[in-house]
Asks: 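This is the structure I want to talk about, given as structure tokens.
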Protein chains: 2
Amino acid sequence: MAAESQRTTTVSSTVEDYLKVVLKIEDMKQRASTSRVARHLDVADATVTDMLRKLKKAGLLEYKPYYGATLTRKGRRMAVRMLRRHRLLEMFLHQVLGYGWEQVHQEAERLEHAVSDLFISRIDALLDYPAQDPHGEAIPDARGFRQVEDDLCLAEAEPGSYIIRKVTNSEAEFLAYLDKVGLRPAIRFSLQEKAPFQGPLKLLPEGGREPVYLGLEASGSIFVVPLKQRPPAPLPEGAASRQAGDRPGRATEKEEA
Amino acid sequence: MAAESQRTTTVSSTVEDYLKVVLKIEDMKQRASTSRVARHLDVADATVTDMLRKLKKAGLLEYKPYYGATLTRKGRRMAVRMLRRHRLLEMFLHQVLGYGWEQVHQEAERLEHAVSDLFISRIDALLDYPAQDPHGEAIPDARGFRQVEDDLCLAEAEPGSYIIRKVTNSEAEFLAYLDKVGLRPAIRFSLQEKAPFQGPLKLLPEGGREPVYLGLEASGSIFVVPLKQRPPAPLPEGAASRQAGDRPGRATEKEEA
DNA sequence: CCCCATTTTTAGATCAGTCTAATAAATTAC
DNA sequence: GTAATTTATTAGACTGATCTAAAAATGGGG
């Protein structure tokens, strides 16, 4: 019954969504400008201007007109908490309720605002404190610590052997496609060719019958770890995404809260 | 993957709450008057007047000014669906996540608006299609059929031997108290005395060391089945509330949808 | 049948989150 | 370094759910 971070302030699910988006943008090393936030949330720019001002007043982020937002410590804490909830819920839906990895995102998107901290700590225990979600993304721990995720983007990889670490794109159709061609976290493949000028990549997945050709959208959202001479130990059974601990490409912990 | 009732209209969770309350009041054979609905939802009467008019326009209930509301077939279908979701979620929280029966209501109250039909059908299967929730209340099936619940209210019972069928009061403190004195669904007890003029009941629960004295609030929300010469077969293990099928006091099915 | 207490509705307002259209600031291009 | 383009903010309005306070209908008791 590990204590989940006890809320100090209660905010609407709308606020939670804004914070999540700002965190996501900051994680991509981009400026959280009004329009960028608006695009992520699919609302009008004017709406975001208003809301960022409110969030600033609530002490959740800094806001500079004509520039954009930066999370404060408090805002970041809340955003990371949502990330943890989202990813734990995805893992729960996948492992316990048998959802496909392309189905988990949408459901978690609603549940993350509705479940209690008790619910979260119970599924955390039930899943035996998973470190990754079904897409291979790291789950922040209950204290708000996050693994540094410095994996190599497939779009930047050179020909060679790799293992898929994570896929950062939650569109169901896209994930269903990857699944169909045999690309999932923990799957090994060899990158055989890169056509020039951002052309398609040719790669051969592990069980490989057919080669697969991927364009920019796909290769930009797949992150990999190069397979060394000594390939990583076989993964614990149970799930494509239940890998634990330290492997090349995963650095140690980093404070967040 | 049994098909959950596919939504035709999508409504806000507020609307869902109004429908639930009207159903609850109708189930108690009372008139769903403005003020009664308002009390259940803890909102002002004026708010209810407005909302009932909207719900009438949406075809979810009939509304007669200065009289009150009556669910239409469509409104009833939606209300029963919420009842099913709520009770299945309670059972899930109790059986899978280890919630106490006094904890499940509050969490289910939020989740019932957030989970998808897929979620509901998955937990239904996981729980092996339970017929009762942790309080012993019948769970409507996926088609909207409900068991007729004609159990005897403890407040109206005569001295004798009984088995607790259900407890209809979701206040956590109240349930925690009942639990402490050993009163739970499927528990046998003997009603020893009834003090006159709605006075306290004296009863001795199954494992009975001490007698327990109950006032009106308690005895009015406990429903029982008299124990005949031939007491009901021992219940399947696993849960206080996993009893299945036909026993005295439970009638057969009744169409709802 | 009329008055009074209760219940209900009406009227008017608020709040959060959103929109569109118009204006203004910032940035880029030449 | 000014003009054109892009980005952001302001202004004004809407919707859904709620409130309070005032007015109106209902339903008994005499």
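Residue numbers start from 1 in every chain, and the chains themselves are labelled A, B, ... in the order their sequence lines are given, proteins ahead of strands.
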Asks: Counting only N and O atoms by type, is there a donor-acceptor contact under 3.5 Å from the side chain of A:T72 to the main-chain atoms of A:G59?
Replies: yes
Asks: With heavy atoms under 4.0 Å as the rule, sort B:T47 into base, sugar-phosphate or nothing.
Replies: base
Asks: Looking at every strand, decide which applies to A:R53 at a 4.0 Å heavy-atom threshold: base, sugar-phosphate, or nothing.
Replies: sugar-phosphate
Asks: With a 4.0 Å cut-off on heavy atoms, is A:T49 in touch with a base, just the backbone sugar-phosphate, or nothing at all?
Replies: base
Asks: With salt bridge (Lys or Arg N to Asp or Glu O under 4.0 Å) as the rule and sequence neighbours excluded, what pairs involving residues 32-47 of chain B come up?
Replies: none
Asks: Closest approach to the side chain of B:Y66, judged atom by atom: which nucleotide of C:dT8, C:dG17, C:dC19 is it?
Replies: C:dT8
Asks: In whole angstrom, give the distance that lies between atom CG of A:D45 and atom P of C:dC19.
Replies: 10 Å
Asks: Establish, yes or no, whether the cationic atom of A:K166 lies under 6.0 Å from the six-membered ring centre of A:F223 and within 45° of the ring axis.
Replies: yes
Asks: Using chain A heavy atoms and a threshold of under 4.0 Å, write down where along DNA chain D the contacts begin and end, 5' to 3'.
Replies: D:dA8 to D:dT10
Asks: Using atom CZ of B:R39 as one end and atom C1' of C:dT6 as the other, report the distance to the nearest whole Å.
Replies: 12 Å
Asks: Would you kindly give the CG-to-C1' distance between A:L52 and C:dT18, to the nearest whole Å?
Replies: 14 Å
Asks: Which residue, A:D133, A:D124, A:D117, forms the salt bridge (Lys or Arg N to Asp or Glu O under 4.0 Å) with A:R84?
Replies: A:D124
Asks: When you measure from the side-chain N and O atoms of B:S35 to the phosphate of C:dT8, is any distance below 4.0 Å, counting only OP1 and OP2?
Replies: yes
Asks: How close or far is atom P of C:dC15 from atom CG of A:D50, stated in whole angstroms?
Replies: 15 Å
Asks: B:D17 pairs by side chain to side chain contact (heavy atoms under 4.5 Å, CB included) with which of B:H40, B:M82, B:M51, B:E112?
Replies: B:E112
Asks: Return the orientation label for the A:F119 and A:F92 ring planes: parallel under 30°, perpendicular over 60°, tilted otherwise.
Replies: perpendicular
